[in-house]
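These notes concern the structure reproduced below.
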Amino acid sequence: MKEKILVIDDEPEILENCRRILEFSGYRCQTCPSSLSAMDIFASDRPDLVLTDLRMPGKDGLDVLREIRSLDSKVPIILFTAFATWETAVSAIKDGASDYIAKPISKEQLLTAVEKCFRERRLEEENLRLKQELGLAFGFDKLVGASLPLKKVLETVRKIAPVEANVLIQGESGTGKELVARAIHRNSKRAQSGGRFVPVDCASLPENLLESELFGHEKGAFTDAQNSRPGLFEFADGGTIFLDEIGEMPVSLQAKLLRVLQEKQFRRLGSNRLINSDFRLIAATNRDLKKAVTEKRFREDLYYRLDVISIELPPLRERTGDVELLTLHFLQSFSRSNHLPIRGISRSALEKLKSYPWPGNVRELENVMERAVSLANTDQIQVEDLPENFRSGSGPEIGDSAYNGSFKEVRTKVLESFYKSYFQMLLAKHRGNISRALEEARIDRKTVHRLL
């Protein structure tokens, strides 16, 4: 038998109709003709979902909603009424309703709303069960997913968090490398004793500034050094330093980094005094460091010093089932932070997201959902709320009207669609960095600017 559902309405024909539809679909259904006795039934039977009319004698549906929420904050509640307005929908969602159906209620409408509530609840419970199963206390609130590749990563993190070994996290841009690094630190003895997590983006700073940031400098060490300043290795003493995009670090700095890792000592720029620092190193890259070693762009001895424990983060396209979990997670997060009554996503919009290859990974999905929540005109995200490339697809399909016309005209339209989709995905993957996009595309800058 499926889940137990309580239906509350003062109209006997509505109760009978709902009971017949739900029981035929395999659900256990209990009906209640009075809102005044509804709480007694709820308290004794504890249904898995509640359907309640909005306008009833005695207590209305919002009163029932608030009383149920005082007993159980998680049970899904669906309101239905013949007097549907946007204002009452907003009020109901703010008070904790999971969905809102206008009368007359069709079989398809009822079952779709019920199945959606149970599907979202099962996803939330699976994600919670996974976190509890792994026994991870901190830092995993944003590592959402239940796929096997992510489970393996989280299990590795659980094992290595208490030890002191260097960690190298590899994966495409947007897969969550810094989130994993923070989770390792937060579940370590260093975090428990008050040690800091110190992130450094090696790709965002030129060589001279990066050296000063890492090692610090004395007053007068260079033209703009008006005062002495400690470096981030000093700041990370007793904690963890995270070197993001370490594959972008200049070779000249790699030698100094290797010595720091070996000796846990360094000098500020312009100083002869050795400074000791007790830190744990976590590095991350979206580059193939083995290939960089072969091409003499990365020191082999440094690579092996970093790669004591390696974690390979899977791209989102390989995390089966996680797109739906992440979509609901971001939807709830952005709806709550922006105080918007967005309570769901249509099946067609969700299918668009699930079939997309996500070259920009989780970061790209997060951006898409933030945009969709901000632009939604109803309380459910629709296909039209998604970016244009999701609405149109990657290109026209066979039989589409885009194929009407001469060979030259159709070729122009198809190529334009291809160029647009290809460069959108490529730039999203490399976070707008045209130089890296050019390197992967293997075309010159003039060609890219012409196509853009």
Side-chain angles (χ1 to χ4, degrees), residues 130 134 136 139-161 165-187 197 199-204 240-249 280-295 297-298 302-323 325-327 329-330 353 356-368 425-433 435-437 439-441:
L130 175 65
L134 291 172
L136 299 168
F140 285 84
D141 52 316
K142 293 185 179 180
L143 289 170
V144 175
S147 62
L148 183 59
L150 185 65
K151 284 182 179 180
K152 289 180 177 178
V153 168
L154 297 182
E155 179 63 24
T156 301
V157 171
R158 185 186 68 80
K159 290 178 179 178
I160 67 173
N166 294 336
V167 180
L168 178 62
I169 305 171
Q170 301 180 86
E172 296 177 8
S173 292
T175 49
K177 295 187 287 294
E178 183 169 343
L179 291 178
V180 171
R182 288 181 180 276
I184 293 171
H185 171 71
R186 289 180 186 176
N187 289 273
F197 178 84
V200 186
D201 186 353
C202 299
S204 64
T240 303
I241 190 165
F242 172 59
L243 300 183
D244 195 12
E245 304 298 353
I246 193 151
E248 309 301 319
M249 180 176 282
R280 182 185 189 179
L281 180 84
I282 302 176
T285 182
N286 61 4
R287 298 270 184 166
D288 184 344
L289 287 190
K290 287 185 178 179
K291 182 180 178 183
V293 168
T294 303
E295 296 172 350
R297 292 185 290 107
F298 201 85
L302 177 58
Y303 171 72
Y304 288 115
R305 176 68 66 172
L306 296 173
D307 194 30
V308 178
I309 298 174
S310 182
I311 296 177
E312 186 75 35
L313 287 190
L316 185 53
R317 60 184 173 274
E318 295 177 6
R319 291 170 51 181
T320 305
D322 283 355
V323 169
L325 275 170
L326 285 160
T327 296
H329 168 76
F330 289 133
L353 298 179
Y356 183 69
W358 297 111
N361 293 292
V362 179
R363 184 186 294 114
E364 185 182 5
L365 175 56
E366 182 178 12
N367 292 340
V368 167
M425 289 190 289
L426 194 64
L427 290 170
K429 179 178 179 180
H430 295 286
R431 290 187 283 180
N433 189 312
S435 296
R436 292 186 193 172
E439 186 177 327
E440 179 171 333

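Keep in mind that what you see is a predicted model, and the values were worked out from it rather than measured. All heavy atoms count here, side chains included; hydrogens, waters and symmetry mates do not.
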Task: Glu366/Arg363 ion pair, N-O < 4.0 Å - done: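 No, no charged N to carboxylate O under 4.0 Å.
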Open item on the list: Check this for me: does any side-chain nitrogen of one of Arg182 and Glu178 sit under 4.0 Å from a carboxylate oxygen of the other?
Closed with: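 Counted as a salt bridge, because a side-chain N and a carboxylate O are separated by less than 4.0 Å.
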Check: [Y] and [X] side chains under 4.5 Å, non-hydrogen atoms:
| X | Y | value |
| --- | --- | --- |
| Val308 | Val167 | no |
| Ile309 | Leu168 | no |
| Ile311 | Val157 | yes |

Which pair of non-hydrogen atoms, one from [X] and one from [Y], has the smallest distance, and what is that distance?
| X | Y | result |
| --- | --- | --- |
| Leu150 | Leu143 | CD2-O, 4.3 Å |
| Phe298 | Ile246 | CE1-O, 3.5 Å |
| Gly145 | Arg319 | CA-NH2, 4.2 Å |
| Arg317 | Pro357 | CB-O, 3.5 Å |
| Leu325 | Ala146 | CD1-N, 3.5 Å |

Drop me the distance from [X]'s [atom1] to [Y]'s [atom2], to the nearest 0.5 angstrom.
| X | Y | atom1 | atom2 | answer |
| --- | --- | --- | --- | --- |
| Leu179 | Ile169 | CG | CD1 | 9.5 Å |
| Cys202 | Met249 | SG | CE | 4.0 Å |
| Asp288 | Arg297 | CG | CZ | 9.0 Å |
| Thr156 | Glu312 | OG1 | CD | 11.5 Å |

Any donor-acceptor pair under 3.5 Å from [X] side chain to [Y] backbone:
| X | Y | result |
| --- | --- | --- |
| Asn187 | Ala183 | yes |
| Trp358 | Pro315 | no |
| Arg280 | Ala165 | yes |
| Lys177 | Leu313 | no |
| Asn361 | Leu316 | yes |
| Asn166 | Arg305 | yes |

Task: Trace of the side-chain contact (heavy atoms from CB on, under 4.5 Å) decision for Ile184 with Thr240 - done: CA-CA 9 Å; Ile184 293 171; Thr240 303; over 6 Å; no
Return yes if a side-chain donor-acceptor contact under 3.5 Å exists between [X] and [Y], otherwise no.
| X | Y | answer |
| --- | --- | --- |
| Asn286 | Glu172 | no |
| Thr285 | Glu245 | no |
| Asp322 | Ser147 | yes |

- [ ] Before giving the answer on side-chain contact (heavy atoms from CB on, under 4.5 Å), spell out for Val368 and Leu353 the whole-Å C-alpha distance, their side-chain angles and the decisive distance to 0.1 Å.
- [x] CA-CA 9 Å; Val368 167; Leu353 298 179; 4.1 Å; yes
Open item on the list: Please verify the inter-ring angle class for Phe197 with Phe242; under 30° counts as parallel, over 60° as perpendicular, anything in between as tilted.
Closed with: parallel
- [ ] Could you walk me through whether Leu326 and Val362 pass the side-chain contact (heavy atoms from CB on, under 4.5 Å) test, one step at a time?
- [x] CA-CA 8 Å; Leu326 285 160; Val362 179; 4.1 Å; yes
